[in-house]
Amino acid sequence: MFDAEKIRGEFPILAREVYGRPLVYLDSGATAQKPLCVLEAVDRLLREENANIHRGVHYLAERTTEAYEEVRARIAAWIGAAEKEEVIFTSGATASLNTVAYAWGEKAVGAGDNIVVSEMEHHSNLVPWQLLAQRKGAEVRMLPFDETGRLRTELLGELVDERTRAVAVTQASNTLGTRPDLRPVIEAAHAVGAVAVVDGCQGAVHGGVDVRALDCDFYAFSGHKLFGPTGIGILYGKRALLDAMPPFLGGGDMVDRVTFARTTYAPVPLKFEAGTANFVGAIGLGEAVKFVERFDPAEVEAYETALLRRTEERLGEIEGLRIYGRTPDKCPIVSFNVEGVHPYDLGMILDKLGIAVRTGHHCAEPVMDHFGVAGMCRASLALYNTPAEIDALAEGVRRAVRMLRP
């Protein structure tokens, strides 16, 4: 059976206090905490085997290079990629999505073309497409969601046409928790020869992915949301697309031959990994994937869903509280506001009670605009949270509301 209390013992930070109270960490959607296996792997690497990868024939360089490439193969298997060369290490999902928008977009998008982006996207899967459209004289079209947070895929026929070059959508909304049905989105893109780009930052953590079964063309996620280090992320791309794309950054390790007359480039994935890679972060991410692989995905899903339902029920008992995003198959993210209470004020009082939630627009301002609010409070859950912490959140919100709305 899934044992959250036992798992918590592997996360040292969860044992600490904040303002003299036990930490209740409900901000994993922003960054997840790190288990001991990740902390120890990073510490061991820096203490015992630190050396730059791909550049040396000495023992330490060979050890780190081998470990780095083993992680590439592990992640390729974990996400269902056809080959490890389809996995590119980046500094995070933002860098991954910008790489697609620049390296793929420069050749594939022209004046009069369009890119369809869902209304619920994180800024990192919207702004790069806006920048591309501005450079190329293209158009960004919005695929909206309804009041429950359901993506209105029935409108794809009105938005996707022969001039559509890409459709960009999240696997799971970082604000609403919505997990859209991606199949009609990807099928609509492919029907007109467009590529499907998926932001998997939340989806990779909550439910995982099989990129070949999904048949997306590009997929991005960040290590720090998957219990791994910060500054490391993944870009998956179909091999044929990656081979055809020019490099995004120039520098060391991404070249084949350099002269002042011309430069030729290394094959994928190295073509997109210019400079000294974050090999420490990559190896730490590999340990995080090992950690996740220990658990039965169905058990984790059931446990997180139970936490989500408890959160919605307990918060739903509070007068004037509204939860945004009520689709049945959502991931464990609950964004809410209380009538007459500013989310920042609510978040600050919860903080003094030791409860860490997110406040603001969550890098998803179009979602805020949709609901006509400046910001929201967000509780994002993970496999190390407990029912008692959910109860503490609900009681904390009640207490804050009594203080802020007498």
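With a 4.5 Å cut-off on side-chain heavy atoms, Arg326 and Arg150 do not count as touching. Between Asp215 and Arg183 there is no side-chain heavy-atom pair separated by less than 4.5 Å. For the pair Phe89/Val71, a side-chain contact is recorded, criterion being any heavy-atom separation below 4.5 Å from C-beta on. A 4.5 Å side-chain heavy-atom check between Phe336 and Thr311 finds every atom pair outside the cut-off. The closest side-chain heavy-atom distance from Glu389 to Val24 is below 4.5 Å. Contact annotation: the side chain of Met376 approaches that of Met368 to within less than 4.5 Å [non-hydrogen atoms, C-beta and beyond]. Side-chain contact check for Leu321 versus Val401: every heavy-atom pair is 4.5 Å or farther apart. A 4.5 Å side-chain heavy-atom check between Glu339 and Arg405 finds at least one atom pair inside the cut-off.
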(request) Using the side-chain contact (heavy atoms from CB on, under 4.5 Å) rule, take Leu381 and Leu26 through it: C-alpha gap first, then chi angles, then the decisive distance, then the call. (result) CA-CA 6 Å; Leu381 315 178; Leu26 302 175; 3.7 Å; yes
(message) Using the rule given for salt bridge (charged side-chain N to carboxylate O under 4.0 Å, His left out), can you reason through Glu317 versus Arg398, listing the C-alpha separation, both sets of side-chain angles and the distance that settles it, and then say yes or no?
(response) CA-CA 10 Å; Glu317 297 167 354; Arg398 289 182 186 277; 3.3 Å; yes
(request) Tell me, with the steps shown, if Ser28 and Tyr384 meet side-chain contact (heavy atoms from CB on, under 4.5 Å). (result) CA-CA 10 Å; Ser28 296; Tyr384 43 59; 2.6 Å; yes
(request) Please test Gln134 against Leu131 for side-chain contact (heavy atoms from CB on, under 4.5 Å), starting from the C-alpha separation and ending with a verdict. (result) CA-CA 5 Å; Gln134 290 167 9; Leu131 292 170; 3.9 Å; yes
(request) Decide yes or no on side-chain contact (heavy atoms from CB on, under 4.5 Å) for Phe221 and Ile79, but give the supporting numbers first. (result) CA-CA 11 Å; Phe221 68 94; Ile79 66 173; 4.1 Å; yes
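Under a 3.5 Å cut-off, the side chain of Ser96 and the backbone N or O of Ala220 do not form any donor-acceptor pair. Although no hydrogens or angles enter the test, the distance criterion places no donor-acceptor pair under 3.5 Å between the side chain of Asp199 and the main chain of Asn125. The backbone N or O of Ala204 sits nowhere less than 3.5 Å from a side-chain atom of Lys225 that would complete a donor-acceptor pair. No donor-acceptor pair closer than 3.5 Å links the side chain of Lys271 to the backbone N or O of Pro246. Lys34 contributes a side-chain N or O that, together with a main-chain N or O of Gly228, makes up a donor-acceptor pair within less than 3.5 Å. Looking at His362, its side chain never comes within 3.5 Å of a backbone N or O of Ala364 through a donor-acceptor pair. At distances below 3.5 Å, not a single donor-acceptor pair connects side-chain atoms of Gln202 with backbone N or O atoms of Gly177. A donor-acceptor contact shorter than 3.5 Å is absent between the side chain of Asp217 and the backbone of Val197. Without hydrogens or angle criteria, Thr64 side chain to Ala51 main chain gives a donor-acceptor distance under 3.5 Å. With Thr230 contributing its side chain and His224 its backbone, the two residues share no donor-acceptor pair below 3.5 Å.
Looking only at atom types and distance, the side chain of Glu121 has a donor-acceptor partner in the side chain of Ser118 under 3.5 Å away. Asp253 and His54 share a side-chain donor-acceptor pair at under 3.5 Å. Under 3.5 Å, the side chains of His370 and Glu147 contain a donor-acceptor pair of N or O atoms. A donor-acceptor contact under 3.5 angstrom links the side chains of Gln171 and Tyr219, judged on distance only. Between the side chains of Ser335 and Thr175, not a single donor N or O lies within less than 3.5 Å of an accepting N or O.
Taking a 6.0 Å sphere around CZ of Arg47, one finds it holds 12 or fewer heavy atoms contributed by other residues, nucleotides or ligands. The number of heavy-atom neighbours closer than 6.0 Å to CZ of Arg55, taken from other residues, nucleotides and ligands shown, is above 12.
Residue Arg44 holds its CZ atom at 7.0 Å from CD of Glu49, rounded to the nearest 0.5 Å. Interatomic distance, CG of Leu249 versus CD of Glu273, reported as 11.0 Å (0.5 Å rounding). How far CD1 of Ile355 is from CG of Leu350: 5.0 Å, rounded to the nearest 0.5 Å. Atom CG of Leu126 is separated from atom CE of Met120 by 13.0 Å, given to the nearest 0.5 angstrom. Taking CZ of Phe295 as the start and CG of Asp3 as the end, the distance is 9.5 Å to the nearest 0.5 Å. Annotation: the span from Asp146 atom CG to Leu151 atom CG amounts to 9.0 Å, rounded to 0.5 Å.
Ion pairing of Glu293 with Lys290 is absent here, as no side-chain N (NZ or NE/NH1/NH2) approaches a carboxylate O to less than 4.0 Å. Under a 4.0 Å N-O distance rule, the pair Glu106/Lys136 qualifies as a salt bridge. In summary, Glu313 and Arg310 do not engage in a salt bridge, as defined by a charged side-chain N under 4.0 Å from a carboxylate O.
Contacts of Asp210 classified as salt bridge (Lys or Arg N to Asp or Glu O under 4.0 Å), with partners at least two apart in sequence or in another chain: none.
Closest of all the heavy-atom pairs between Ala166 and Ala194 is N-CB, 3.8 Å. Across every non-hydrogen atom of Tyr303 and Thr386, the tightest pair is OH-CA, 3.5 Å. Closest heavy-atom contact between Asp27 and Arg378: OD1-NH2, 3.5 Å. Listed here is the closest heavy atom pair of Arg179 and Lys330: NH2-O, 3.3 Å. Across all non-hydrogen atoms, the minimal contact from Thr164 to Leu159 is OG1-O, 3.7 Å. Residues Ile283 and Ala67 share a closest heavy-atom pair of CD1-CB, 3.7 Å.
Taking the ring centre of Tyr102 as origin, the terminal cationic atom of Arg135 falls inside the region bounded by 6.0 Å and 45° from the ring axis.
Ring orientation note: the planes of Phe371 and Phe145 are tilted relative to one another, at an angle of 30° to 60°.
The distance between the ring centers of Phe291 and Phe11 falls below 6.0 angstrom.
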